[in-house]
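Reckoned from all heavy atoms, side chains included, excluding hydrogens, waters and symmetry mates.
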Amino acid sequence: MPNFIKSYVKWVEKINRVVGRFAMYMVLAMIAILLYATISRGVFNMPVIWAVELAQFTMAAYYLLGGGYSLQNRAHVRMDVFYSNWSMTTRAKVDVVTSVFLIFYMLVLLYGGWGSTEYAIKYDTHKNSSWGPAMAPIKVIMTTGIFLMLLQVFATFFRDIATARGEDIS
């Protein structure tokens, strides 16, 4: 594998590791938001209108920002009927082929996310609810998460090509 591909893989995996480890703690933030809402409503009889939506936004950010890290660690779901019985080389070859479909999917997702983010920023869209938060911040986070996942898919693709060829990217 050429050195620029090895550098790319290491760079992308480092970024996704940092972002993914940050994203892990977003679950705690979501729990804190919901706990605050519960105590506010149950103990002080002062319900807050923003808690559920903010928790949803936090969870969406958690999933999307952690997606690249999940791909990096191969922690995603896969059909393991035959896969576990194959050699590492065979797995890598199959992963190279299936990665092409994943890259296409991620590109379509990124295209849609970019357009949606651009629209939300240009027209200052707000969610149609009693709280009415601006949509641009979560759209930017979602598109960033999709972009990081796409970068990781390419990094995994290159790593699988190296494995299929009997090389190591370390």
Between [atom1] on residue [X] and [atom2] on residue [Y], distance to nearest 0.5 Å:
X: M26; Y: I33; atom1: CE; atom2: CD1; value: 8.5 Å
X: F4; Y: F158; atom1: CZ; atom2: CZ; value: 7.0 Å
X: T156; Y: M149; atom1: OG1; atom2: CE; value: 12.0 Å
X: T98; Y: F157; atom1: OG1; atom2: CZ; value: 10.0 Å

### Query
Of all residues at least two apart in sequence or in a different chain, which pass the side-chain hydrogen bond (donor to acceptor under 3.5 Å, both in side chains) check with Y111?
none
### Query
Taking only residues two or more places apart in sequence or in another chain, which ones pass side-chain hydrogen bond (donor to acceptor under 3.5 Å, both in side chains) with T125?
none
I need the minimum non-hydrogen distance between [X] and [Y], along with the two atoms involved.
X: A51; Y: A37; answer: CB-CB, 3.3 Å
X: R74; Y: D160; answer: NH2-OD1, 2.6 Å
X: T143; Y: G113; answer: OG1-O, 3.1 Å
X: M1; Y: I5; answer: SD-CG2, 3.9 Å
X: Q152; Y: G68; answer: CG-O, 3.2 Å
X: Y62; Y: A23; answer: CD1-O, 3.0 Å

### Query
How about N16 and Q72: does a side-chain donor come under 3.5 Å of a side-chain acceptor?
no
### Query
Can Y69 be reached from L28 by stepping across I, L, V, M, F, W or Y side chains whose heavy atoms are under 4.5 Å apart?
no
### Query
Do V140 and F147 share a hydrophobic cluster (ILVMFWY, side-chain heavy atoms under 4.5 Å, transitive)?
no
Of all residues at least two apart in sequence or in a different chain, which pass the side chain to side chain contact (heavy atoms under 4.5 Å, CB included) check with [X]?
X: K139; result: S116, T117, A120, M135
X: V153; result: L71, L102, I103, M106
X: S87; result: T89, T90
X: P133; result: E53, F57, K127, S129, W131

#### Entry: Hydrophobic cluster of V94, others only, ordered by chain and residue number, side-chain cut-off 4.5 Å
V81, F82, Y83, W86
### Summary
Connected to Y123, directly or through other members, by ILVMFWY side-chain contacts below 4.5 Å are Y119
### Message
Checking E118 now: which residues fulfil salt bridge (Lys or Arg N to Asp or Glu O under 4.0 Å) with it, not counting sequence neighbours?
### Response
none
### Query
Between L150 and L109, is any pair of side-chain heavy atoms under 4.5 Å apart?
no
### Task
Please examine the side chains of L65 and I141, heavy atoms only from C-beta on, and report whether any two atoms are closer than 4.5 Å.
yes
### Task
For Y36, check ring-ring contact (aromatic ring centres under 6.0 Å, His included) against everything at least two apart and list the hits.
W50
Can you list, pair by pair, the side-chain donor-acceptor contacts under 3.5 Å of residues 6-15, counting residues two or more places apart and other chains?
{"from": "S7", "atom 1": "OG", "to": "N3", "atom 2": "O", "distance (Å)": "3.1"}
{"from": "Y8", "atom 1": "OH", "to": "L151", "atom 2": "O", "distance (Å)": "2.9"}
{"from": "K10", "atom 1": "NZ", "to": "S170", "atom 2": "O", "distance (Å)": "2.6"}
{"from": "E13", "atom 1": "OE1", "to": "R159", "atom 2": "NH2", "distance (Å)": "2.9"}
{"from": "E13", "atom 1": "OE2", "to": "R159", "atom 2": "NE", "distance (Å)": "3.2"}

List the atom pairs, with distances to 0.1 Å, where a side-chain N or O of residues 38-48 and a protein N or O form a donor-acceptor pair under 3.5 Å, not counting sequence neighbours.
{"from": "T38", "atom 1": "OG1", "to": "L34", "atom 2": "O", "distance (Å)": "2.8"}
{"from": "S40", "atom 1": "OG", "to": "M46", "atom 2": "O", "distance (Å)": "2.2"}

### Message
Could you check whether atom CE of M24 has more than 12 heavy atoms from other residues, nucleotides or ligands sitting under 6.0 Å from it?
### Response
yes
